[in-house]
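Everything below concerns the one structure shown next.
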Amino acid sequence: AQTVTQSQPEMSVQEAETVTLSCTYDTSENNYYLFWYKQPPSRQMILVIRQEAYKQQNATENRFSVNFQKAAKSFSLKISDSQLGDTAMYFCAFPPYGNKLVFGAGTILRVKS
Amino acid sequence: ETGVTQSPTHLIKTRGQQVTLRCSSQSGHNTVSWYQQALGQGPQFIFQYYREEENGRGNFPPRFSGLQFPNYSSELNVNALELDDSALYLCASSFGGGAGETQYFGPGTRLLVL
């Protein structure tokens, strides 16, 4: 079975500091995509970043970047210069069939002032 | 560009009843996926519709059914509601169902079954 594991149920970070959220996944495929989604308390799921497995370069979107380790099946999210608005639940997601997503259990991130 | 919308935002039903949830896809998108998110958990895939045909189904019983209309909006129907059906139901749209196609989510419908 294709699985996604987020081992950190909760994380806290001070405003302006950097935090890394962990994600591991299981697949036998060679070419695939990985996603990080953010779900603020308002609950709308928002795409943060996506990575194509065949690309060596780690994806970056402004303050958000990933550390993609294909051999280790690891896909962590780094948030730099954390802001209060980054407070949310973060989900790692992987689509084993087409774009039908399997989500991890999520990590609650709290940014403190 | 109009985003994904869902209605209603909240719903309360009793066990055994039936419910219909609605989703309008983002402009230009022809694929709609539905997810169930229990409190404190990650979303679970229910099924996907592509051009009015079911295009994959997760591990949900047949009392969960759906439709997609010619304008690509979609409905999720749940019959014989059970207490465990209480959850946030998320709809997501995309342009196609290919692996690289990003899904964009609506705000969800919160269903409470008493």
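Here is the naming used below: chain letters follow the sequence lines, and residue numbers restart at 1 for every chain.
Of the atoms belonging to A:F35, it is side-chain heavy atoms, and not backbone ones, that fall under 4.5 Å from chain B. Proximity to chain A (any heavy atom under 4.5 Å) is restricted, for B:Q41, to the backbone atoms N, CA, C and O. At a 4.5 Å heavy-atom cutoff, the contact between B:T102 and chain A is made by backbone and side-chain atoms alike. Proximity to chain B is limited to the side chain of A:L47, based on heavy atoms less than 4.5 angstrom apart. Neither the backbone nor the side chain of B:Q44 comes within less than 4.5 Å of any heavy atom of chain A. If you measure heavy-atom distances from B:Y35 to chain A, the contacts under 4.5 Å come from the side chain alone.
Side chain to side chain, B:E101 and B:S94 fail the donor-acceptor criterion of an N or O pair below 3.5 Å. Side-chain atoms of A:E10 and A:S12 form no donor-acceptor pair, as typed in the model, at a separation below 3.5 Å. Counted by atom type alone, B:N79 and B:Q17 present zero donor-acceptor pairs between their side chains at under 3.5 Å. Side-chain contact annotation: B:Q36 with B:Y89, donor-acceptor N/O pair under 3.5 Å present.
Scanning residues 106-114 of chain B against chain A with a 4.5 Å heavy-atom cutoff picks out B:G106, B:P107, B:G108, B:R110, ordered by number. Contacts between residues 51-67 of chain B and chain A, defined by a heavy-atom separation under 4.5 Å, are made by B:N55, B:G56.
Looking at A:W36, its side chain does come within 3.5 Å of a backbone N or O of A:F75 through a donor-acceptor pair.
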